[in-house]
Each structure stands twice: as structure tokens, then as C-alpha cells.
Amino acid sequence: MDDIDTFLLKFKGFYFGREALNVDFLENLDDFEIRDDDVFIITYPKSGTIWSQQLLSLIYFEEHCKRTENLETIDRAPFLEYNFRKMNFDERPSPRLFSSHLPYYLVPRGLKNKKVKIIYVYRNPKDVMCSYFHFSNMLSTLKPTSTFEEFMTLFLEGKVLGSLWFDHIKGWYEHKNYFNIQFMMYEEMKKDLKTSVKKICKFLGKELSEEVMDSVVRQATFQNMKYDPLANYENILNDKPEFKRTEGHFLRKGTVGDWKTHMTVEQNEKFDKIFQKKMKDFPLEFIWEINEE
Ligand code: A3P
């Protein structure tokens, strides 16, 4: 048995993490009952999932925004395929927010009714890879690697939870016409969160007052989320300390261009070559660095 099989399960060509995975549920995922007003956050891991969970929870739930409820964002926007909290999804009141790392071809077929709104958040893959390297070492449910080089090899082979980054984004983008989907870029959110929130709200058909909009943006900045116990996932790790292999946080740095402090010139050139080949003619743009004051 390959070492990665301890951590990952390949199902219909896609690598899932074994933790909180229910294969019977996966087998029947195609039939999972979708409601028209469900909203899905879809990401490749480390691309801004928690950030989006917080944004959508703030936009949809006044009690979340006003902090009159004591509910974790993971419970506001739970993962569909990893039911960590053993929720009964059928009993959740509408509108239901869901998060998922699924590839386009494994989502419930109800998502193709074009009513369900999907927000796909993507991030430049070099930063995804760096974030993922640290995350895999921190979380005991993922395979650790002793060097960045070792992780890069796994990442480029797609031997990680979420499989190959290139396949994930291209799959979703190339099949976008089957879905009601809005693509959002992590780096644009980082550059100008308010404009990104407005774009998300427009897509969702939500009109927020200027005051609520400001509150949403404020509560979704990296700094504020990092110290927000309901949004930073720290409680989840505190409840299950065995999930943590080493020190670290879900909200680590939250920057653009961290890859420059990780990749050697050689690694970068190798990555660029593969990127250019795989992403040839791909229309979405990527931002690899920004000047942060
Ligand atoms: P880093 O490891 O580069 O810091 P995911 O939620 O998909 O696992 O993605 C995690 C990445 O998103 C982490 O990146 C994390 O710090 C970053 N992130 C989370 N909340 C953020 C926010 N409010 N602003 C910017 N980045 C955020």
C-alpha cells in the first residue's frame, strides 16, 4: 500500500481525505437532494474556503453578522463531503450554505439545475502549494513531508486531498455553462475586499445597506478573522487536539506571493513550465504578487 493511501482514498478518480469521509454517502452523492436556494462554496483546498465561509455566513445571516449567535462558520457552511459535525443536512433550514472541494463531475446532479448558486474561489497555485505544504504538516490527518521539494512533487502529481489543482480549476471552468457559477479570485478579494463582496452580493441577489456591507468587510479581514474564535477554526482544533501534528493555524499568513519565500529559482522554473503547458489557452488570469503596505 502506498503511503498516501493511509491518508487519502481515491474514489472515481479523485483523492478524498479519509477523515470524516463516508463512502456510502459518496456513492449516493449524485442523488443528494438539492434545494433551489442552496448556495455552494467550491474551492480547491487552501484557496480561501474558510474566508468564503465567513463571508457568506455574514452576508446571509444577520445573527452571524451582528454576533448574536454563537455558531461556528463550519456549522453555517459545512462541507458536503466531509461531515465532521455529523449534521443531518435534510433537517437544515433554508437557505443552506455548503462548502466543498469536489470536482465538477462528482457534485450532486441537482446542482446542474442552474438555480443553485455556486461560488468558486481560486488562488494562484504557487501560494496554494505553499499554504498546503504547511497545512499538511500541521494536520495529523494529512500526509506530512519533510521538505518543500517533497511536497511539490506530490502536489504536481495530484497526490493530495483534492487531486490535481490544474484538473480542478479547468474542470470547473470548462463546465461552467452547466452551472450557475461565479468565479472569485483570492488575490482580488485581498486587494479590494469591498468590491469583491459587492460582486458576490450581486451574484447572490443580496442587497446590503452600506452599514452592513462595512460590517461584513470588517469581519472578513484576515486580522479580524484570525482573532475571531467562531471564524478561525481554532475551537475545532481545541476540541480535537489529536488533529494537530505541529503548531500552526488555519489562518496562517493570508498573503499573496508567499511562494517567493519558499521556492528556489529551479523549482519556480519547473513550476512555470508545467503551468504554461497545462494552462495554455486558459482564460482566467492569475495574480502572483501584490504590493502590500
Ligand atoms: P495561508 O496558508 O497562505 O495563510 P482554505 O480555507 O481554503 O484552507 O485556505 C486557507 C488559506 O486562506 C490560508 O492561507 C489562510 O491564511 C487564508 N485565509 C483565510 N482567511 C483569510 C482572510 N480573511 N484573508 C486572507 N486570507 C485568508
Side-chain angles (χ1 to χ4, degrees), residues 37-85 87 92-93 95-101 117-123 127-128 131-132 135 138-139 182-239 248-256:
D37 55 3
D38 285 342
V39 180
F40 275 73
I41 298 162
I42 304 220
T43 54
Y44 184 84
K46 313 320 293 169
S47 303
T49 325
I50 301 179
W51 196 4
S52 312
Q53 288 174 326
Q54 168 73 339
L55 277 172
L56 263 64
S57 302
L58 291 165
I59 291 170
Y60 270 91
F61 301 101
E62 197 184 343
E63 53 275 44
H64 193 88
C65 199
K66 290 195 167 151
R67 308 190 65 85
T68 50
E69 70 174 8
N70 194 22
L71 207 61
E72 299 273 343
T73 47
I74 182 78
D75 296 325
R76 273 285 173 219
F79 273 91
L80 176 67
E81 68 272 29
Y82 302 108
N83 193 351
F84 294 104
R85 318 279 266 190
M87 277 190 175
R92 294 179 66 208
R96 298 180 302 182
L97 305 179
F98 283 104
S99 310
S100 175
H101 294 318
K117 296 191 170 78
I118 302 175
I119 300 214
Y120 185 98
V121 184
Y122 65 100
R123 183 182 191 187
D127 281 337
V128 167
S131 178
Y132 215 162
F135 190 64
M138 176 188 74
L139 225 61
Q182 172 72 51
F183 288 82
M184 296 296 302
M185 192 211 277
Y186 176 101
E187 292 78 6
E188 274 177 355
M189 287 161 62
K190 187 77 200 171
K191 266 170 65 176
D192 182 353
L193 187 53
K194 192 165 180 179
T195 301
S196 293
V197 174
K198 283 185 180 161
K199 193 167 164 185
I200 292 174
C201 285
K202 190 166 177 229
F203 173 68
L204 297 173
K206 291 269 170 201
E207 273 192 40
L208 304 186
S209 67
E210 201 54 31
E211 190 192 343
V212 174
M213 171 69 72
D214 287 343
S215 173
V216 169
V217 171
R218 195 172 51 248
Q219 293 185 67
T221 60
F222 183 81
Q223 280 312 317
N224 287 337
M225 273 181 66
K226 183 148 176 94
Y227 298 104
D228 179 345
L230 295 178
N232 64 14
Y233 272 48
E234 295 289 328
N235 285 344
I236 291 155
L237 291 179
N238 292 340
D239 287 351
H249 305 279
F250 278 84
L251 269 73
R252 192 183 59 95
K253 274 188 161 177
T255 56
V256 179

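No hydrogens, no waters, no symmetry mates; every other heavy atom, side chains included, goes into these values.
The two residues V121 and S52 make their nearest non-hydrogen contact at CG2-OG, 3.3 Å. Between Y60 and P95, the shortest heavy-atom contact is CD2-CG, 3.8 Å. When every heavy atom of L193 is checked against every heavy atom of T221, the shortest pair comes out as CD2-N, 4.3 Å. The two residues P45 and V128 make their nearest non-hydrogen contact at O-CG1, 3.5 Å. The minimum heavy-atom distance between L97 and S57, with the atom names listed, is CD1-N, 3.9 Å. Here the closest non-hydrogen pair linking N224 and R218 is ND2-O, 2.7 Å.
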Q: Apply side-chain contact (heavy atoms from CB on, under 4.5 Å) to the pair E63 and T68, showing each step before the final yes or no.
A: CA-CA 5 Å; E63 53 275 44; T68 50; 3.3 Å; yes
Q: For K190 and F222, run side-chain contact (heavy atoms from CB on, under 4.5 Å): C-alpha distance rounded to whole Å, both residues' side-chain angles, the deciding distance at 0.1 Å, then the answer.
A: CA-CA 9 Å; K190 187 77 200 171; F222 183 81; 4.3 Å; yes
Q: Show your working on side-chain contact (heavy atoms from CB on, under 4.5 Å) between F79 and T49 and close with a plain yes or no.
A: CA-CA 10 Å; F79 273 91; T49 325; 3.8 Å; yes
Q: Decide yes or no on side-chain contact (heavy atoms from CB on, under 4.5 Å) for T73 and W51, but give the supporting numbers first.
A: CA-CA 10 Å; T73 47; W51 196 4; over 6 Å; no
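Using a 4.5 Å heavy-atom cutoff, the side chains of L237 and M138 are in contact. Between D214 and K194 the shortest side-chain heavy-atom distance falls below 4.5 Å. Here the side chains of I41 and M184 are not in contact, with every heavy-atom distance at 4.5 Å or above. Looking at heavy atoms from C-beta onward, L56 lies out of side-chain contact with F98 at the 4.5 angstrom threshold.
With rounding to the nearest 0.5 Å, the separation of CD in Q54 from CG in L230 is 8.5 Å. Summarising the geometry, atom NE2 belonging to H64 is positioned 10.5 Å from atom CG belonging to D75; distances are rounded to the nearest 0.5 Å. Note that CE of M185 and OG of S47 are 12.0 Å apart. Values are rounded to the nearest 0.5 Å. For the atom pair CE (M213) and SG (C201), the distance works out to 4.5 Å, reported to the nearest 0.5 Å. Here CD1 of I119 is found 12.5 Å from CD of Q53. Values are rounded to the nearest 0.5 Å. Considering CZ of R123 and OG1 of T43, their distance stands at 11.5 Å, rounded to 0.5 Å.
Salt-bridge annotation for K117 and D37: absent, with no side-chain N of the basic residue lying under 4.0 Å from a carboxylate O of the acidic one. The existence of a salt bridge linking D228 and R67 is confirmed by a sub-4.0 Å separation between a basic side-chain nitrogen and an acidic carboxylate oxygen.
With F61 as the aromatic partner, R76 meets the cation-pi criteria of under 6.0 angstrom to the ring centre and within 45 degrees of the ring axis.
Annotation: N70, atom CG; neighbour count of heavy atoms from other residues, nucleotides and ligands within 6.0 Å does not exceed 12. K206 NZ: more than 12 foreign heavy atoms inside a 6.0 Å radius.
The main-chain N or O of H101 is found under 3.5 Å from a side-chain atom of E81 such that the two form a donor-acceptor pair. The main-chain N or O of Y132 is never found under 3.5 Å from a side-chain atom of K46 such that the two would form a donor-acceptor pair. Put simply, the side chain of S131 never gets that close to the backbone of D127: no donor and acceptor are under 3.5 Å apart.
Between Y120 and F40, the distance from one ring center to the other does not fall under 6.0 angstrom.
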